[in-house]
Amino acid sequence: MEKKPNRIFKDLTQAFNTGVSYMMPAVVVGGIFLAAALATGEATDAGMVVTNPFFQNLLKIGEAGFAMMIPILSGYIAYSLAGKPGLIPGMITGFIANNPVGANNVSTGFLGAMLVGILAGYFARWMKTWNVNNTIRTIMPILIIPMLTTFVVSMAYMYVLAAPLGSLMAWLMNLLSSLEGSQAVILGVIIGAMTAIDMGGPINKTASAFTLALMAEGIYGPNGAFRIAVAIPPLGVALSTFISKKKYTTEEKNLGASAFFMGLIGITEGAIPFAVKSIKTVLPAIIIGSAVGSGLGMIHNVEVFVPHGGLIVIAAATNKLWFVLDMLIGACVTAGILHVLRPDVEEK
């Protein structure tokens, strides 16, 4: 029989992966609309200002997608733990965690949303075990469980958890915003490596969620590093197919063209077909390349103000030249390592 700590760990791992997976479409859709709108904006001290009425509407769509990501995250964490009865309590309490509450207007964002999602999921799961008569049982999943779970978790958050979590978030944000020199570089290298190691999988999504949480607190440097890193694996392998032609089949060279375009719009998964065929050469190359590009992004203070990556969002980046060059350097490092590691191929 599986030990309880192991089961809880597996439950939470699955819950976090489920939450991030369902959150990502909101991030991508919102990010693309934000990028399109901000590309027409004017740079001011307050950031990019959009004045065109049509693109202001696109901006609203993007902001809506971005605002929904935290409630979706907490909702589907609870859903993974308790099924449908946990979904709405998780979303409502996640919305509360992401907005100011109490006399001190405490907002705990990503961290608070994850916690209330877990609490809502386990509380709703516990309620599902209650022994009630058949009449009440029929309304348990649609009325009693969602209502009671929402009330209990919301009250626990507002009166018990919000203040200490708010203090923890404030400490974390101050720590990250004060990183300088080698500390910032190390953070960038870690973000880059996490971005590439599973190319859109749970580790990549963890890095993404971390940078999105910092964005919500007004810290954009780690997001800039991450948005550089997401483009490097597909751009790096594409560049390798262009310059190391003897090391790829015709089919792989054709894939290189599609990987290039996926890299331009920040889709890390463009490198997956190459990794599947030769993981021992591709994985080290893209991890090192992404780590280098991401670390350089932190050195050069590149910030990206939208939750998307690749050259498509250059209008929403600071230090645009370094944004491009750091991405290019990372891609060249990846291509160089692949040139060394991959053997020549002979097509039949």
Side-chain angles (χ1 to χ4, degrees), residues 23-43 47-52 54-66 69 188 191-192 195-196 199-200 204-205 207-209 211-212 214-215 220-239 241-242 255-272 286 289-290 293-294 296-298 300-332 334-335:
M23 177 185 74
M24 290 311 294
V27 174
V28 172
V29 172
I32 290 174
F33 279 110
L34 280 173
L38 292 173
T40 68
E42 299 176 1
M48 300 292 289
V49 176
V50 179
T51 56
N52 181 282
F54 174 76
F55 285 101
Q56 285 179 340
N57 290 333
L58 292 189
L59 185 65
K60 289 185 182 296
I61 297 173
E63 289 172 343
F66 200 36
M69 72 175 188
I191 289 173
T195 302
M199 293 162 284
N204 174 290
K205 289 173 181 174
S208 175
T211 61
L212 290 172
L214 297 181
M215 276 185 66
Y220 298 97
N223 186 60
F226 179 76
R227 303 306 162 181
I228 290 171
V230 295
I232 288 173
L235 289 178
V237 295
L239 181 60
T241 63
F242 300 155
L255 281 174
S258 64
F260 175 75
F261 288 108
M262 293 182 77
L264 293 180
I265 60 175
I267 305 299
T268 315
E269 289 85 345
I272 288 177
I286 63 175
S290 293
S294 185
L296 289 173
M298 293 295 289
H300 298 136
N301 297 315
V302 175
E303 297 181 333
V304 176
F305 302 107
V306 296
H308 200 72
L311 289 177
I312 191 175
V313 301
I314 189 172
T318 62
N319 296 323
K320 293 179 174 54
L321 179 59
W322 282 120
F323 176 71
V324 176
L325 288 178
D326 294 343
M327 197 179 298
L328 178 60
I329 291 169
C332 288
T334 294

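All residue numbers in this chain count up from 1 along the given sequence. Source: prediction; values computed, not measured.
- Two residues are said to be in side-chain contact when any heavy atoms from C-beta on lie closer than 4.5 Å; Leu239 and Cys332 meet this criterion.
- Residues forming a ring-ring contact (aromatic ring centres under 6.0 Å, His included) with Tyr220 (at least two apart in sequence, or on another chain): Phe305.
- In this structure, CG on Leu311 lies 6.0 Å from CZ on Phe323, to the nearest 0.5 angstrom.
- Partners of Phe242 under the side chain to side chain contact (heavy atoms under 4.5 Å, CB included) rule, at least two apart in sequence or in another chain, are Ala238, Phe260.
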Give the table of side-chain donor-acceptor pairs shorter than 3.5 Å for residues 223-232, with sequence neighbours excluded, one pair per line with atom names and distance.
| unit_1 | atom_1 | unit_2 | atom_2 | d |
| --- | --- | --- | --- | --- |
| Asn223 | OD1 | Arg227 | NE | 2.8 |
| Asn223 | OD1 | Arg227 | NH2 | 3.2 |
| Asn223 | ND2 | Val304 | O | 2.8 |
| Asn223 | ND2 | Val306 | O | 3.1 |

Report the C-alpha distance between Met23 and Leu212 in whole Å, list the side-chain angles of each, state the deciding distance to 0.1 Å, and finish with yes or no for side chain to side chain contact (heavy atoms under 4.5 Å, CB included). CA-CA 11 Å; Met23 177 185 74; Leu212 290 172; 4.2 Å; yes
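- For the residue pair Ala259 and Gly270, the shortest heavy atom distance occurs at CB-O, 3.7 Å.
- Here Asn52 pairs with Phe54, Phe55 under the side chain to side chain contact (heavy atoms under 4.5 Å, CB included) rule; sequence neighbours left out.
- When the side chain to side chain contact (heavy atoms under 4.5 Å, CB included) test is applied to Leu296, the partners found at least two apart in sequence or on another chain are Val292, Ile299, His300, Asp326, Ile329.
- Screening residues 255-266 for side-chain hydrogen bond (donor to acceptor under 3.5 Å, both in side chains) gives no qualifying pairs among residues at least two apart or on separate chains.
- Applying the side chain to side chain contact (heavy atoms under 4.5 Å, CB included) rule to Ile61 yields the partners Phe33, Leu58; only residues at least two apart in sequence or on another chain are considered.
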When you look at Asn301 and Asn319, which way does the side chain to side chain contact (heavy atoms under 4.5 Å, CB included) test go after all the steps? CA-CA 7 Å; Asn301 297 315; Asn319 296 323; 3.9 Å; yes
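- To the nearest 0.5 Å, the span separating CD1 on Ile314 from CD1 on Ile312 amounts to 11.5 Å.
- The minimum heavy-atom distance between Pro222 and Leu214, with the atom names listed, is CG-CD1, 3.5 Å.
- Smallest separation of non-hydrogen atoms from Thr268 and Pro233: CG2-CG, 3.8 Å.
- Here the CD atom belonging to Gln56 is positioned 7.0 Å from the OG1 atom belonging to Thr51, to the nearest 0.5 angstrom.
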